[in-house]
Amino acid sequence: MTSIICPKCKGHISEWDVICLNCGHSVSPEERKILVKEQEELHAREHELKMAAHQAHLKHHHPHQLQMRLDKFSIGVFHTTFDIVSVFFISVFLLIIVALLMML
């Protein structure tokens, strides 16, 4: 539910209220539509600013230097990185060890 700002006392009003509970100002349907539109535009601008700040933060967030160096090397057709290939081989090696221990 959107709240609008009273033009007289600057208090918050529900978009469905006919009068302001703080000052008693009567809000006409035309004035309500204008105020709701202004409030939605304000929320949209605030959301855009928050998203821009979040994108800027993500843009400047750098991974660890070792990770950046490893990401430079791509392996094979799928251009997988060194860390993905190493995790795959380590997991296969551990599965082989578990299988051998289960046979004993």
Side-chain angles (χ1 to χ4, degrees):
M1 181 167 80
T2 306
S3 67
I4 56 178
I5 297 174
C6 177
K8 189 173 182 182
C9 71
K10 305 299 181 199
H12 290 278
I13 309 171
S14 168
E15 73 175 293
W16 304 111
D17 286 342
V18 178
I19 61 169
C20 176
L21 298 177
N22 291 336
C23 65
H25 177 73
S26 178
V27 181
S28 66
E30 295 84 19
E31 187 178 26
R32 183 180 303 118
K33 287 180 184 178
I34 293 170
L35 292 173
V36 167
K37 186 177 179 182
E38 288 175 0
Q39 194 66 21
E40 288 174 351
E41 289 173 356
L42 178 66
H43 284 301
R45 279 194 304 260
E46 288 176 354
H47 181 70
E48 288 176 8
L49 289 174
K50 286 180 184 178
M51 291 303 294
H54 181 68
Q55 292 294 330
H57 172 71
L58 290 178
K59 185 177 178 181
H60 295 296
H61 180 72
H62 298 294
H64 195 270
Q65 287 182 353
L66 178 63
Q67 183 67 39
M68 289 175 22
R69 289 181 188 161
L70 290 176
D71 286 346
K72 290 180 184 177
F73 302 107
S74 62
I75 301 169
V77 178
F78 299 111
H79 299 288
T80 57
T81 56
F82 179 73
D83 54 346
I84 294 172
V85 173
S86 63
V87 167
F88 173 73
F89 283 120
I90 290 171
S91 62
V92 168
F93 179 71
L94 290 174
L95 285 172
I96 292 171
I97 289 175
V98 168
L100 289 175
L101 289 174
M102 289 178 73
M103 284 190 215
L104 296 176

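Throughout, numbering of the chain's residues begins at 1 and tracks the sequence.
- With V36 as the partner, the side-chain contact (heavy atoms from CB on, under 4.5 Å) test is satisfied by one option alone out of E38, Q39, E40: E40.
- Here the NE2-CE distance, from H54 to M51, works out to 6.0 Å after rounding to the nearest 0.5 Å.
- Pairing each heavy atom of C9 with each of C6, the nearest pair is N-SG, 3.5 Å.
- Atom-to-atom distance recorded for C20:SG and H12:NE2 is 10.5 Å, nearest 0.5 angstrom.
- By the rule that hydrophobic residues join a cluster once side-chain heavy atoms approach within less than 4.5 Å of another member, I96 and F89 end up as members of one cluster.
- Between E30 atom CD and K33 atom NZ the span is 7.0 Å, to the nearest 0.5 Å.
- Between I19 and S26, the shortest heavy-atom contact is CG2-CA, 4.1 Å.
- At a threshold of 4.5 Å between side-chain heavy atoms, the hydrophobic network of Ile, Leu, Val, Met, Phe, Trp and Tyr places L101 and F93 in one connected group.
- Shortest non-hydrogen contact noted between I13 and V27 is CD1-CG2, 4.1 Å.
- In terms of hydrophobic clustering, with Ile, Leu, Val, Met, Phe, Trp and Tyr side chains grouped at heavy-atom distances under 4.5 Å, L104 and I97 are assigned to a common cluster.
- Note: I34 CD1 to I4 CD1 = 11.0 Å, rounded to the nearest 0.5 Å.
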Go through H25 and E31 one step at a time and tell me if the side chain to side chain contact (heavy atoms under 4.5 Å, CB included) criterion holds. CA-CA 12 Å; H25 177 73; E31 187 178 26; 3.7 Å; yes

